[in-house]
Amino acid sequence: MELFYFVVFGALGAVVAALELSKTSKDRINTSPAFNSFKNNYLLVYSLMMAGDWLQGPYVYYLYSTYGFGKGEIGQLFIAGFGSSMLFGTIVGSLADKQGRRRACVTYCITYILSCITKHSPEYKVLMIGRVLGGIATSLLFSAFESWLVAEHNKRGFEQQWLSLTFSKAIFLGNGLIAILSGLFGNLLVDSLSLGPVAPFDAAACFLAIGMAIILSSWTENYGDASENKDLLTQFRGAAVAITSDEKIALLGAIQSLFEGSMYTFVFLWTPALSPNDEEIPHGFIFATFMLASMLGSSLASRLMARSSPRVESYMQIVFVISSVSLVLPIITNVCPSLSLSPFILSDS
């Protein structure tokens, strides 16, 4: 592995570890053994679900390219996945409330496992079906599990403040530690063990199957309040009224949409940007480094928000400027080869 990556990864890891260890004991909450058992069960399942998702990310584009597809065809596959998530995401919440959140979580596992299986086929139509299934699964991941947790937490009569403890741990694990470990594990499978770019998808399916077994054996079903269920058109009307009646809601939605748009573009372009001439790069290790940097940003944000009078708009302006410049860097390095960092990145240690 290139020395450059080890240095960057080690430096980021040391800073993140220092920030996490600096948390004081006053932030801890006294809870009951029953709650701790419930929390640990949910965190185990959620970590397995997130591992199944994160393992795939670094290798989707790379896998499609090894099957001989060009950027245009790969773009169509990505758009199908994003479009499927957009369309299904509008109805997945109400469906889970009516049909059962536990059932929706199991559906996520089955859908994503099927999506992983399609990655073994080099056929474009089969891969397209896999992308659609993956989009549906993504919508379920970010809705069904959290809604099940909230309903089950309240049903068991736990303290309301304990819910935030479970969510904070889930974010730390699911969007932090598990993402980093998934990148490293994927790199081990593909590069170190030379199992090929489909290996992370097989590993993801295994993690999802284990998580589904735990759900089926230890989770109970819960549903949404029938009196609060509304049809889709009514929900859209309510959202439109909220947006038009409050300018801040409209602006926040616009900011979030623009941010998500930039991230979706990044997800599609990061692989060809890092290897414009089809250079061999450690996809999983680069992804793990990226997620470690993301974890560092979350730690810094939590400390900024904990201040007595946080000015979110002030430091978020800086974040957006830095993010914009970072996204432009690949263009600069490709247009001006003399400024490229590739000799440092791709050279042997």
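Bear in mind that the values here come from a model prediction, so they are computed numbers and not experimental data.
- Side-chain atoms of F201 and I117, non-hydrogen and from C-beta on, never get closer than 4.5 Å to each other.
- Inspection of the S139 and S85 side chains reveals an N or O donor paired with an N or O acceptor under 3.5 Å.
- In this structure, H153 and E159 approach most closely via the heavy-atom pair NE2-O, 2.7 Å.
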- request: Please assess D53 against Y112 for the test side chain to side chain donor-acceptor pair (under 3.5 Å), listing each intermediate value before the final yes or no.
  value: CA-CA 8 Å; D53 185 56; Y112 228 174; 2.6 Å; yes

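- Under the 4.5 Å side-chain contact rule for hydrophobic residues, I214 and F207 share a cluster.
- F320 places a side-chain heavy atom less than 4.5 Å from the side chain of I255.
- With a 6.0 Å radius and a threshold of 12 heavy atoms from other residues, nucleotides or ligands, K155 has its NZ atom above the threshold.
- Clustering ILVMFWY residues whenever any of their side-chain heavy atoms sit less than 4.5 angstrom apart, transitively, puts F78 in the very cluster that holds Y67.
- Test K71, K119, E73 against Y64 for side-chain contact (heavy atoms from CB on, under 4.5 Å) and you get one pass: K119.
- Follow the hydrophobic side-chain contacts under 4.5 Å out from V241 and you never reach L251; the two are in separate clusters.
- Side-chain contact annotation: E152 with T220, donor-acceptor N/O pair under 3.5 Å present.
- At most 12 non-hydrogen atoms from other residues, nucleotides or ligands lie less than 6.0 angstrom from CZ of F259.
- M295 and V319 fall within the same hydrophobic cluster, where Ile, Leu, Val, Met, Phe, Trp and Tyr residues are linked whenever their side-chain heavy atoms come under 4.5 Å apart, directly or through other members.
- At a cut-off of 3.5 Å, with distance as the only test, a side-chain donor of D202 or H120 sits close to an acceptor on the other residue.
- Between F6 and F285, the distance separating the two ring centers is shorter than 6.0 angstrom.
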